[in-house]
Amino acid sequence: MTEIKQRIEGLRDSLNAHNHAYYVLNAPTISDREFDMMMKELEALEREYPEFDDPYSPTHRVGSDLTKGFTQARHIYPMLSLANTYSVSEVDDWVGRVVDGLGGEMPVLVGEMKFDGTSISLIYEHGRLVRAVTRGDGEVGDVVTDNVLTIKSIPLQLRGDDIPERFEIRGEIVLPWKAFDRLNLEREQAGEPLFANPRNAASGTLKMQNSAEVARRGLDAVFYYLIGDNLPCDNHYDNMMVARRWGFKVSDTMTLLHSIAEVDEYITHWDTARRELPMATDGLVFKVNSLRMQRNLGFTAKSPRWAIAYKFAAERALTRLEFVSFEVGRTGVITPVANLDPVLLSGTIVKRASLHNADIIERLDIHDHDMVYVEKGGEIIPKITGVDTAARKADAMPVRFVKTCPACGATLERDPGEAAWFCPNKWGCRPQQIGRIEHYVGRRMMNIDGIGDETARLLVENRMIADVADLYNLRAEQIARLPGFAIKSAERVVDGIRASTEVPFERVIYALSIPYVGETVSKKIARAVKNMDTLRAMTAEQLEAIEDVGPRIAEAIINFFSAEKNREIVDRLASAGVKMAVDVSVDSPIGDALAGKSIVISGTFNHHSRDEYKAMIEAHGGKNVGAISKKTDFILAGANMGPSKLEKAGKLGIPIIDEDTFLAMLDNH
């Protein structure tokens with residue numbers, strides 16, 4: 001039996017190696033017939049000796065035709081999106097911001113191809129694939145391990161003796177052009193609708209319930225980031241080269257770049273050369289190579305500061321304008337939308353495109369039924385960029401922006417210096433009512449499941465609610481009367497509403513739909529003001545003292561709370577149990593070692609990121625300030641502290657301490 005087991009394991013190792021050579025390296029080492037003969041021998045041995053079966057055997061990569069639902073899993077590390085840019089100069093500006101953030105040091109960057117597919121996160125333990133999760137909403141995704149097991153370019157068992165006990169690798173599941181064309185030819189012959197582009201085909205295939213069909217379609221995967229506690233190298237590029245050695249497909253386009261000039265050359269080259277690649281792309285990605293520098297640069301609420309995506313120039317098409325509609329948003333802003341004769345653009349059919357505001361309509365000089373140029377910014381959002389005036393009919397009338405709200409008829413208003421017209425009828429205009437409710441219940445706000453666009457509309461139209469505070473008076477038997485609801489699903493909604501009273505104060509601020517107050521600003525306001533009563537009473541000067549709160553945001557907050565209706569809604573939310581203050585157990589200081597001290601952070605650090613040091617300062621009673629002044633108590637300085645800050649600190653006699661001294665200060669206290 002020992003010899004049988006050894007033969008089975010030997011065949012598996014050989015087949016895995018040949019799979020890697022064929023699907024990853026594109027360099028097969030044996031003929032298809034030899035490969036098939038080895039596979040048949042292994043299949044026969046596994047049938048005869050089922051005690052030696054292994055779910056990760058190469059014989060199981062054909063998938064199963066059993067239908068399975070997808071469970072969901074929370075990502076260990078959130079899968080954030082990247083900040084996008086569409087011009088070389090904006091990429092150069094990003095490099096400049098990175099250099100400033102690192103105290104003047106130009107880092108080594110990594111240029112990569114941005115393949116156009118669907119993101120995937122793979123977890124490996126002891127060198128074996130244990131879980132595959134889609135990006136989902138960035139926090140939670142679908143577990144698609146069974147389908148991923150069928151993708152032959154993804155290694156199931158890694159090769160090497162330096163593999164961490166547990167790590168995560170992220171990549172893109174793609175459908176190569178050859179497989180895409182074959183799939184669409186099959187669908188055309190079968191009379192089925194064609195896929196618009198490889199991205200849609202890859203995404204749809206990965207979410208199929210039949211893994212045998214997934215295996216047949218020929219998905220591929222390219223990997224671009226390694227995450228874990230014990231990675232082999234201290235930089236991104238070398239980690240990916242090690243991952244390639246372990247068996248992962250890593251694109252040959254990944255390149256080290258040492259200057260802005262090299263970044264620009266990389267963009268120029270791939271803007272054309274990408275068309276020769278075997279799979280679809282939609283841009284490039286640039287990352288800071290050093291993991292230490294990545295930690296120091298940190299993250300915004302939505303994306304890392306140490307990476308940026310450059311999108312290739314948008315595809316352009318010419319089509320006829322049918323008519324312009326005017327739509328009302330949750331803040332009352334009126335958005336004109338061009339309704340178009342359908343046109344194929346970047347692989348999808350475009351029927352509508354935003355005209356943004358009245359000024360854009362006037363600048364374009366757009367007339368009824370004009371032939372218009374449509375682009376997809378980043379191949380995602382359609383927009384009108386020009387008009388073919390030579391094709392205009394002689395009697396065509398200019399498109400005029402509406403003067404009254406298309407929903408409620410109120411006369412539109414426009415703030416001085418602003419481009420947007422808005423409907424002032426905040427509480428009687430139905431789209432605004434519904435929009436505020438949709439925003440309030442959203443995942444990043446109050447996270448109330450079961451209330452989407454349609455349900456919010458039905459609740460308002462059936463006069464069950466008029467504002468967000470009314471949600472807390474809803475009863476299950478009321479909701480059960482709505483189309484698509486039964487008593488159990490209605491009870492789940494009520495349970496979700498009740499659970500929202502545990503949502504942190506910072507998300508409550510975000511959920512209120514205060515103009516210009518987004519997710520990041522809400523967090524900073526909550527941290528600074530601590531409770532709603534304080535926020536309501538603050539002056540513009542006090543508000544502007546909060547980090548990232550400028551005059552426009554301060555004015556919006558004051559205007560919001562000056563409205564009696566808004567104050568009444570907030571009072572009713574408080575009565576319903578919604579959190580109106582920062583949780584003391586979460587926000588209370590760890591100690592007072594830095595009580596009353598104003599501290600400036602400068603340079604790059606080894607032990608913690610800037611954001612982590614800022615949190616430590618606040619947790620120990622200190623205050624983070626951005627600029628050096630006479631009121632600064634000391635500077636927490638890392639490597640590459642800016643020379644101007646160093647000079648100013650010397651002139652003012654401000655003490656400078658390094659991170660080891662700082663950490664010892666906290667420990668000793």
Side-chain angles (χ1 to χ4, degrees), residues 84-87 114-118 174-177 180-205 271-272 274-275 277 279-283 309-327 329 334-402 406 453:
N84 288 332
T85 182
Y86 302 95
S87 73
K114 188 174 184 296
F115 291 102
D116 199 12
T118 186
V174 296
L175 191 69
W177 286 116
F180 173 72
D181 293 340
R182 174 182 55 78
L183 180 60
N184 264 351
L185 179 61
E186 291 174 357
R187 295 175 73 84
E188 183 179 16
Q189 292 171 346
E192 298 175 350
L194 305 185
F195 284 113
N197 54 51
R199 177 182 64 246
N200 292 356
S203 178
T205 300
D271 193 29
T272 303
R274 66 189 174 96
R275 294 177 174 86
L277 294 171
M279 54 194 70
T281 64
D282 62 348
Y310 166 80
K311 295 299 190 75
F312 294 124
E315 186 181 334
R316 198 181 196 205
L318 186 67
T319 190
R320 186 172 301 282
L321 171 71
E322 297 292 339
F323 62 94
V324 175
S325 57
F326 295 86
E327 301 182 358
I334 309 299
T335 301
V337 176
N339 293 264
L340 308 167
D341 188 15
V343 61
L344 183 66
L345 193 62
S346 297
T348 57
I349 300 297
V350 174
K351 299 179 181 179
R352 288 159 53 89
S354 174
L355 284 164
H356 301 293
N357 54 54
D359 292 347
I360 297 294
I361 290 178
E362 186 175 346
R363 180 175 61 78
L364 288 169
D365 186 30
I366 194 166
H367 284 51
D368 291 337
H369 306 298
D370 267 347
M371 294 298 293
V372 296
Y373 291 101
V374 190
E375 287 186 5
K376 267 188 156 186
E379 302 184 1
I380 298 172
I381 303 170
K383 59 183 178 181
I384 305 297
T385 58
V387 176
D388 182 4
T389 55
R392 179 178 293 161
K393 294 182 179 179
D395 59 349
M397 298 297 293
V399 172
R400 302 295 185 193
F401 203 89
V402 292
D453 300 1

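Numbers for residues simply follow the sequence, beginning at 1.
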What heavy-atom pair brings [X] and [Y] nearest, and what distance separates the two atoms?
X	Y	result
Leu277	Trp177	O-CD1, 3.8 Å
Phe326	Arg400	CZ-O, 3.6 Å
Leu340	Ile384	CD2-CD1, 4.1 Å
Phe312	Thr281	CE1-OG1, 3.8 Å
Met371	Ala391	CG-CB, 3.8 Å
Tyr373	Val387	CD1-N, 4.0 Å

* Asked: Under 3.5 Å, side chain of Asn357 to main-chain N/O of Asp359, donor-acceptor pair present?
  ->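 Such a contact is found between Asn357 side chain and Asp359 backbone.
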
* Keeping the roles fixed (side chain from Asp282, backbone from Ala280), state whether a donor-acceptor pair exists under 3.5 Å. =>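 Between the backbone of Ala280 and the side chain of Asp282 there is no qualifying donor-acceptor contact (under 3.5 Å).
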
Using 0.5 Å steps for rounding, measure from the [atom1] atom of [X] to the [atom2] atom of [Y].
X	Y	atom1	atom2	answer
Asn200	Thr205	CG	OG1	10.0 Å
Arg363	Ile361	CZ	CD1	11.0 Å
Ser325	Leu355	OG	CG	9.0 Å

* For Glu362, does the CD atom have more than 12 heavy-atom neighbours from other residues, nucleotides or ligands under 6.0 Å away? ->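 Result for CD/Glu362: open.
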
Are [X] and [Y] packed together at the side-chain level, in the sense that at least one heavy-atom pair is separated by less than 4.5 angstrom?
X	Y	answer
Pro336	Ile360	no
Lys351	Pro342	yes
Asp368	Val399	yes
Ser354	Thr335	yes

* **Evaluation steps, side-chain contact (heavy atoms from CB on, under 4.5 Å), between Thr118 and Arg199** => CA-CA 7 Å; Thr118 186; Arg199 177 182 64 246; 6.0 Å; no

* To do: Under the side-chain contact (heavy atoms from CB on, under 4.5 Å) rule, what do Leu364 and Asp370 come out as? Steps first, then yes or no, please.
  => CA-CA 11 Å; Leu364 288 169; Asp370 267 347; over 6 Å; no

* Note: Arg392-Asp365 ion pair, threshold 4.0 Å (strictly below) ->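 So Arg392 pairs with Asp365 through a salt bridge.
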
* Go through the structure and list residues passing side-chain contact (heavy atoms from CB on, under 4.5 Å) with Ala202, not counting sequence neighbours. =>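 Result, side-chain contact (heavy atoms from CB on, under 4.5 Å) vs Ala202: Leu175, Leu219.
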
